[in-house]
Structure formats: C-alpha cells, structure tokens
Amino acid sequence: MARRNDHTREELVALTLNTVKEFLATNSYHELSLRKIATMIGYVPSTLVNVFGNYNLLLLHVVAQTLDELAAEAGHVVAKSKDNKTALYELAYCYHDFAQRHPNRWQLIFEHNMNGEALPEWQSQRIDSMTGMLEHLLQAIAPHRSETDVLKASRVLWSGVHGITLLSVDDKFFTDQPIDGKELIENLLSNYLTNW
C-alpha cells in the first residue's frame, strides 16, 4: 500500500481519476467500488474519502472530466462549422460520436445519482455550459423566437438526440437491418427545424 505522502493531493486526484477512466474504457461503472478503486491505485479507501469526500463525489469528478472532454470536442466542431445550422447538426453528431467512443463513461454521466445531496456548483456550471451551447445556436438560427421557445426547443432536441444516442450505443433499435444513429439524428433535426 502506498503511504499518504507518496503523492500530493493533486497527484492522488489525477491518479485516481485516470485509473477510473482507464477502467471505464472496457468496464461498466457498476463494477466499481471505493474499495476496488483504492486497491487499483494502492491506497486504502479512507484516503480516497479524505480526498474526495465520499464515493459519490469521486464519481462526480469522473463525470465532470467526461463533460469537460465532451464540451471541448463540441466547442471545436461548433467553432469550425460554416454556419449556425451546420453547427447544430455537428453538435448533435459530436454528442452521438462521443457516446459511441466512451459508452461506459457516457452512461455514468446520466446514471450517476447524488442520492439527495445538492449538485455542486462546479458541476451545475458544466451542465449549463453544455445546454447553453445548444440554446445559443437555436437563438442564432431563429432570432425571432422567445427565450422560452428556445429553451423548450433545446430540451426537445436534446431529448431526441439523447434518446437516439442511447439506443444507438446500446444497439437497441430492434431491427433486422442496421440503423445509423446519425441518420436518425439528421432526420430529427431536419424535421423539427422545418416545423419550428
């Protein structure tokens, strides 16, 4: 076992989060526990509790890093898009592709539960940033729409894209023919925007 002074707090946080992300590359978060993570990095569970507060917050830090990576990719595809409508499509495709590449980490984002605890401000800001990107694009596409209309449309589109992505990642379209999730996303966005 490593001793508490073998790593600085920052090194221990990085070691822990990198170990969990590596584990999630091939395994579900359901297979994790505080004890298992501590064993993987050579520490005792109480050390991780001292650093993160509790197991739930440790996982929330993994979620935060995953959202940061998704936000960086999303920001890149939006920035290089030729116009706002193209950017909206690219943002949705980016969401889908990220989930396909990191299914276990993506699953953790949406299945993680605070179990009655308040979501920390640093996590709320990440979520607001991601939804804000979508709202900004919709407002730019339809500047005549009210803030309430944009908010509702953003949630409808996010829900639709999320649902398609979820079914795509889990391969749950229940059809004999292969279905491309990105084609369904394109169909959803095109039809919605035409009628919006």
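Atom set for the values below is all heavy atoms of this structure, side chains included, hydrogens, waters and symmetry mates excluded. Since we're looking at a predicted model, the values are computed, not measured.
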Quiz item: Is the number of heavy atoms from other residues, nucleotides or ligands under 6.0 Å of Lys21 NZ greater than 12?
Solution: yes
Exercise. Drop me the distance from Arg126's CZ to Gln65's CD, to the nearest 0.5 angstrom.
Key: 8.5 Å
Quiz item: Does Gln125 offer a backbone N or O that forms a donor-acceptor pair with the side chain of Ser129 under 3.5 Å?
Solution: no
Quiz item: Which pairs with one or both residues in residues 118-155 pass ring-ring contact (aromatic ring centres under 6.0 Å, His included), sequence neighbours excluded?
Solution: His61-Trp122
Exercise. Indicate yes or no for a side-chain donor-acceptor contact from Thr131 to the backbone of Ile127 under 3.5 Å, with no hydrogens or angles considered.
Key: yes
Quiz item: Does any donor atom in the side chain of Glu186 or Ser190 lie under 3.5 Å from an acceptor atom in the other side chain?
Solution: yes
Self-check item: Lys/Arg-Asp/Glu bridge criterion (N-O < 4.0 Å) met for Glu69, Arg101
Solution: no
Exercise. Dump the intermediate steps for side chain to side chain contact (heavy atoms under 4.5 Å, CB included) on Leu57 and Met114, then the final yes or no.
Key: CA-CA 8 Å; Leu57 288 172; Met114 289 302 294; 4.2 Å; yes
Quiz item: Do Asn104 side-chain atoms and Asn27 backbone N/O form a donor-acceptor pair below 3.5 Å?
Solution: yes
Exercise. Taking the six-membered ring for Trp and the single ring otherwise, decide whether the centroids of Tyr29 and His112 are under 6.0 Å apart.
Key: no
Exercise. Take atom CD of Glu147 as the centre, draw a 6.0 Å sphere, and report whether it contains more than 12 heavy atoms from other residues, nucleotides or ligands.
Key: no
Quiz item: Same cluster or not: are Leu137 and Leu151 linked, directly or through other Ile, Leu, Val, Met, Phe, Trp or Tyr residues, by side-chain heavy atoms under 4.5 angstrom apart?
Solution: no
Quiz prompt | From Leu17, Thr19, Val13, residue fulfilling side-chain contact (heavy atoms from CB on, under 4.5 Å) relative to Leu15 | solution = Thr19
Quiz item: More than 12 heavy atoms of other residues, nucleotides or ligands under 6.0 Å from CG of Asp171: is that the case?
Solution: no
Quiz prompt | Main-chain N/O of Pro45 paired to Arg35 side chain as donor or acceptor, under 3.5 Å | solution = no
Practice problem: Take the angle between the ring planes of Tyr95 and Trp158 and call it parallel below 30°, perpendicular above 60°, tilted in between. | Solution: perpendicular
Practice problem: Would you please name every residue forming a salt bridge (charged side-chain N to carboxylate O under 4.0 Å, His left out) with Asp170, sequence neighbours left out? | Solution: none
Quiz item: Taking Asn195 for the side chain and Asn191 for the main chain, is one N or O donor matched with an acceptor at less than 3.5 Å?
Solution: yes
Quiz item: Quick one: does Leu12's side chain get under 4.5 Å of Phe52's, heavy atoms only?
Solution: no
Quiz item: Going by heavy atoms in the side chains, are Thr66 and Leu24 under 4.5 Å from each other?
Solution: no
Practice problem: Give a yes or no answer on whether the side chain of Asn56 reaches the backbone of Asn113 with a donor-acceptor pair at less than 3.5 Å. | Solution: yes
Quiz item: Does Arg145 offer a backbone N or O that forms a donor-acceptor pair with the side chain of Gln139 under 3.5 Å?
Solution: yes
Self-check item: Flag side-chain contact, heavy atom, 4.5 Å: Leu157 against Leu138
Solution: yes
Quiz prompt | ring-ring contact (aromatic ring centres under 6.0 Å, His included) partners for Phe98, two or more places apart | solution = His102
